[in-house]
Novice: 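Dropping a structure here in structure tokens format, bear with me for questions.
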Amino acid sequence: MTVITRFAPSPTGFLHIGGARTALFNWLYARRLGGKFHLRIEDTDRARSNQDAVDAIIKGMKWLGLDWDGDIVSQFEGANHHAEVANQLVEQGKAYHCFCSPEELEEMRETARKEGRTALYDGRWRDRDPSEAPKDIRPVVRLKTPVDGDTVVADMIQGDVRVKNSEIDDFVLLRADGTPTYMLAVVVDDHDMGVTHVIRGDDHLTNTFRQIQLYDAFGWDIPAFAHMPLMHGADGKKLSKRHGALGVEAYEEMGFLPEAICNYLLRLGWSHGDDEIISREQALEWFDIKDVGRSAARFDADKLLHLNAHYIREASDRRLVDLAMPLLKDRLGDALSDQAETRLLSGMDGLKGRARTIVELAESGEFYTRNRPIPINDKAAKLLDGEGGKHIASLAPHLEALNEWTDQTIDAAVREYAEKSDLKLGNIAQPLRAALTGSNVSPGIFEVMATLGKEESLGRLSDAISGRASPSAN
RNA sequence: GUCCCCAUCGUCUAGAGGCCUAGGACAUCACCCUUUCAAGGUGAAGACACGGGUUCGAACCCCGUUGGGGACGCCA
């Protein structure tokens, strides 16, 4: 049997991080088993669906590297078909028209709650003759669900979950305007698409009881279900915007790499022994639903950051430069010169081990892309005051005298000077760093000088000595 | 409220009756490395929610309690 999974987001917002996890698990499962993975947009609620959201979902999926098979299915486009099969159920006596007004329903729920029962529809039109129907109300179509017995979901993650059929009411299939509800549409679409494994959030577990009733009414095979525990915010509460239930594109903007997001999301609720850093290839080899945990997990930004730092270190210098350049352009207010780009690229190896996000990477590499005189931040300015500045002034000629300008020759020259002046290397290295990078933190200072080149390095040094460097920006 | 689910360090988790004096990772702290900051290395601290069973033996099985989450729409 070919495994067929699907990711079915509703286009009401962007592809949020929880949805991304669901998509990833579905994708992994299908790809792992050589099956198919489909993307379906649940746009039956016209008022809340919009194309921007659909585009954002597609963009997010692509960014994460989750490719789908075949065309994207629009659930809305199947509306007529959905109505058709629902009406067949009415003809077969498996569903019926209900003429309750919204007010009547509301009242029903309220009394049920007051009496300590689950708020269910009481089936008052189940066996009534349609001739009794009020003429001014357009009916909905409800499924006639069994009253006795139990319904069991054989969930791949949660195990057998059982509920009394008396807890399942005759839910709505078709709205008064004839459009299908989600409950009808998912079942019909999943069946039509041949979905074999429904992997989705735990919040759908109780819906599954109803959906199973529908499968039974249609006489269709029931797919395998896997309800994965929900993601919570750091405070254990439902994930909301302030927690990081942001669109995937927000994470991209914050400077995260897709592979870091995927690794993090995968590891949240799923494990393979003690493995933490898991490549996509490895995930494809290892992923199995049986290893998905049963309890909800909290979102931990620190761990994501740690993973991101790891993947930044592993990324190629070229890719990192391409990712950082647009940010640098914004900071500089101008596109990077070829020279700036070249410096950034050759300095990238030293830069990337120190950044947790692309944003940090761009910030820390900015000094490579600035024109003289470069801005000096407060801490750096202090390093250049008094002694520091003097040392630079007396060191400069020694550097100028260098014929060969490499990491090693600069290193040797500076060390020699430090020794002669009876200084610790740090006493000269820090002022140098301040003058050359405008900051008190940077990659190794000899590497920085080598990357900057002799002329630029000496120039920045003389700017610092003469006070030409601007002590404004930070 | 009713129904359903869940419960190991602060967080993510390993653990499928003896391998557990409970392992790893992030975060925290200390030390090492070191020109700064990271990275890296070494080490510290830190958990089986509680109460009953079952068993020679329980983090693992059963029951209850407590706590958390989800669902109860003509939303998806």
Side-chain angles (χ1 to χ4, degrees), chain A residues 8-12 42-45 47-49 75 98 100 102 105-106 109 112-121 138-142 153 155 158-159 161-164 166-169 171-177 179 181-183 185-186 201-209 227 229-230 232 234 236-238 264 267-277 293-307 309-310 313 350-356 360 364 379 383 411 414-415 418 424-430 432-434 437 439-446:
Chain A
S10 53
T12 53
E42 312 244 291
D43 50 0
T44 50
D45 186 344
R48 301 205 311 175
S49 303
Q75 187 156 68
C98 163
C100 285
L105 259 15
E106 189 46 46
R109 278 180 209 118
R113 266 194 197 150
K114 237 177 262 171
E115 290 170 13
R117 291 179 286 120
T118 313
L120 300 172
Y121 172 70
R138 292 172 67 187
V140 298
V141 170
R142 288 181 183 272
V153 178
D155 196 90
Q158 311 291 349
V161 183
R162 177 184 305 268
V163 78
K164 290 192 191 68
S166 57
E167 289 293 329
I168 303 171
D169 65 358
F171 57 94
V172 175
L173 262 25
L174 252 30
R175 302 186 183 103
D177 64 2
T179 60
T181 60
Y182 160 77
M183 214 62 85
V186 244
D202 214 358
D203 49 341
H204 285 287
L205 183 59
T206 45
N207 286 331
T208 310
F209 297 121
H227 288 94
L230 264 18
H232 289 163
K237 297 271 191 284
K238 193 176 181 179
Y264 179 72
R267 197 59 192 68
L268 199 64
W270 174 89
S271 61
H272 182 270
D274 285 338
D275 296 302
E276 297 286 348
I277 305 289
R294 268 174 293 268
S295 52
R298 298 184 190 204
F299 183 86
D300 181 2
D302 280 334
K303 192 152 182 175
L304 211 207
L305 241 14
H306 174 262
L307 247 14
H310 169 84
R313 265 176 263 134
L351 251 17
K352 69 183 180 186
R354 297 169 162 78
R356 294 185 304 172
E360 287 180 8
S364 68
K379 285 179 182 168
L383 288 167
D411 187 324
V414 175
R415 279 183 204 276
K424 280 204 279 189
L425 191 52
N427 293 110
I428 184 68
Q430 277 304 80
L432 270 178
R433 188 184 319 279
T437 72
S439 163
N440 57 319
V441 175
S442 82
I445 201 61
F446 307 130

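The basis for the numbers below is simple: all heavy atoms, side chains too, and nothing from hydrogens, waters or symmetry mates. Throughout, protein chains are lettered first and strands after them, A, B, ... in sequence-line order, and every chain is numbered starting at 1.
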Novice: Could you tell me the separation between the NE2 atom of A:His227 and the C1' atom of B:rC4, rounded to a whole number of Å?
Specialist: 12 Å
Novice: Report yes if a donor N or O on one partner sits less than 3.5 Å from an acceptor N or O on the other, where the partners are the side chain of A:Lys303 and the base of B:rA25; otherwise report no.
Specialist: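 Flag set: donor-acceptor pair detected.
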Novice: Under a 3.5 Å limit for both distances, which nucleotide forms a Watson-Crick or G-U wobble pair with B:rC19, could you say?
Specialist: none
Novice: Quantified in whole Å, what is the P atom distance between nucleotide B:rU54 and nucleotide B:rC12?
Specialist: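 Approximately 34 Å lies between the P atom of B:rU54 and that of B:rC12.
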Novice: Is there a Watson-Crick or G-U wobble partner for B:rA30 with both distances under 3.5 Å, and if so, which one is it?
Specialist: B:rU42
Novice: Whole angstrom is fine here: how far is it from CZ in A:Arg356 over to P in B:rC26?
Specialist: 13 Å
Novice: For A:Phe299 and B:rA27, what is the distance between atoms CZ and P respectively, to the nearest whole Å?
Specialist: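 Computing the A:Phe299:CZ to B:rA27:P distance gives 15 Å.
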Novice: Determine the Euclidean distance between corresponding P atoms of B:rC56 and B:rC20; express it in Å to zero decimal places.
Specialist: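 Their P atoms lie roughly 24 Å apart.
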Novice: In this structure, how many angstroms lie between the C1' atom of B:rA76 and the CG atom of A:Leu173, rounded?
Specialist: 15 Å
Novice: Does B:rA14 pair with anything, Watson-Crick or G-U wobble, both distances under 3.5 Å, and if so, with which nucleotide?
Specialist: none
Novice: Could you work out the separation of B:rU28 and B:rA71 based on their C1' atoms and round it to a whole Å?
Specialist: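 Pairwise C1' distance, B:rU28 against B:rA71, rounds to 38 Å.
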Novice: Mind checking the C1' distance from B:rC29 to B:rU2? Whole angstroms is fine.
Specialist: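 Here B:rC29 and B:rU2 have their C1' atoms 48 Å from each other.
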Novice: Taking pairing as Watson-Crick or G-U wobble with both contacts under 3.5 Å, can you name the mate of B:rA47, or confirm there isn't one?
Specialist: none
Novice: What is the distance, rounded to the nearest whole Å, between atom CG of A:Leu268 and atom C1' of B:rA25?
Specialist: 13 Å
Novice: A:Asp302 or A:Ala297: which one's nearest nucleotide on RNA chain B is closer to the 5' end?
Specialist: A:Ala297
Novice: For nucleotides B:rA27 and B:rU42, find the distance between their P atoms and express it as a whole number of Å.
Specialist: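 One P to the other, the span is 16 Å.
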Novice: Got A:Val441 and A:Lys379 here, is their nearest side-chain heavy-atom distance under 4.5 Å?
Specialist: no
Novice: Picking from B:rC5, B:rU2, B:rC12, which would you name as closest to the side chain of A:Glu167?
Specialist: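 Comparing B:rC5, B:rU2, B:rC12 against the side chain of A:Glu167, the answer is B:rU2.
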Novice: Looking at every heavy atom in both A:His232 and A:Ala296, which two are closest together, and how far apart are they?
Specialist: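 That closest heavy-atom pairing would be CE1-CB, 3.4 Å.
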Novice: Output yes when a side-chain donor or acceptor of A:Arg356 lies under 3.5 Å from a complementary backbone atom of A:Leu304, and no otherwise.
Specialist: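 Checked: no pair found.
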Novice: What string of B, S and - do you get for nucleotides 32-39 of chain B, 5' to 3', if B is base contact, S is sugar-phosphate-only contact and - is no contact with any protein heavy atom under 4.0 Å?
Specialist: ---BBBBS
Novice: With a 3.5 angstrom cut-off on both distances, give the Watson-Crick or G-U wobble partner of B:rC3, or none if there isn't one.
Specialist: B:rG70
Novice: Which heavy atom of A:Thr118 sits nearest to which heavy atom of A:Ala112, and what is that distance?
Specialist: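 Scanning both residues, the minimum pair turns out to be O-CB, 3.9 Å.
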Novice: Identify the heavy atoms of A:Thr181 and A:Val172 that sit nearest to each other, and give their distance.
Specialist: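 In this case the closest contact between A:Thr181 and A:Val172 is OG1-O, 2.9 Å.
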Novice: Do any N or O atoms from the side chain of A:Asp169 and from the backbone of A:Tyr121 form a donor-acceptor pair under 3.5 angstrom?
Specialist: yes
Novice: Which residue in the set A:Thr208, A:Asp202, A:Asp203 passes side chain to side chain donor-acceptor pair (under 3.5 Å) when paired with A:His227?
Specialist: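 Only match with A:His227 under side chain to side chain donor-acceptor pair (under 3.5 Å): A:Thr208.
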Novice: Using a heavy-atom cut-off of under 4.0 Å over every strand shown, decide if A:Cys98 touches base, sugar-phosphate, or nothing.
Specialist: nothing
Novice: NA contact type, A:Ser439, heavy-atom cut-off 4.0 Å: base, sugar-phosphate, or nothing?
Specialist: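 No contact.
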Novice: Measure the NE2-CD distance between A:His306 and A:Glu276 for me, rounded to the nearest 0.5 Å.
Specialist: 9.0 Å
Novice: If we take the C1' atom in both B:rC33 and B:rA7, what is their distance in whole Å?
Specialist: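 B:rC33 and B:rA7 have their C1' atoms separated by 42 Å.
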Novice: Say whether, by atom type as modelled, one donor and one acceptor occur between the side chain of A:Tyr264 and the main chain of A:Asp300 under 3.5 angstrom.
Specialist: yes
Novice: Using atom C1' of each nucleotide, how far apart are B:rC9 and B:rG64 to the nearest Å?
Specialist: 26 Å
Novice: For A:Glu276, report the nucleic acid contact type (base, sugar-phosphate, nothing); a contact means any heavy atom under 4.0 Å.
Specialist: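 Base contact - A:Glu276 has a heavy atom under 4.0 Å of at least one base atom.
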Novice: Please figure out whether A:Val163 or A:Gly269 has its closest RNA chain B nucleotide nearer the 5' end.
Specialist: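 This one resolves to A:Val163.
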Novice: Is it true that a side-chain atom of A:Arg354 and a backbone atom of A:Glu360 form a donor plus acceptor pair closer than 3.5 Å?
Specialist: no
Novice: Between A:Asp274 (CG) and B:rG24 (C1'), how many Å, whole number?
Specialist: 4 Å
Novice: Could you state the CZ-P distance from A:Arg294 to B:rC60, rounded to the nearest angstrom?
Specialist: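 Those two atoms, CZ and P, are 14 Å apart.
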Novice: Watson-Crick or G-U wobble partner for B:rC61, using a 3.5 Å limit on both distances?
Specialist: B:rG53
Novice: Whole Å only: how far is the CZ atom of A:Arg267 from the P atom of B:rC12?
Specialist: 11 Å
Novice: In B/S/- notation, 5' to 3', how is nucleotides 65-73 of chain B contacted by protein heavy atoms closer than 4.0 Å?
Specialist: ----SBSBS
Novice: Can you name the closest pair of heavy atoms from A:Ala176 and A:Val140 and give their distance?
Specialist: N-CG1, 3.5 Å
Novice: Would you please test A:Leu383 and A:Arg433 for side-chain contact (heavy atoms from CB on, under 4.5 Å) and show each step?
Specialist: CA-CA 9 Å; A:Leu383 288 167; A:Arg433 188 184 319 279; 5.9 Å; no
Novice: If you measure from the P atom in B:rC37 to the same atom in B:rC32, how many Å do you get, rounded?
Specialist: 13 Å
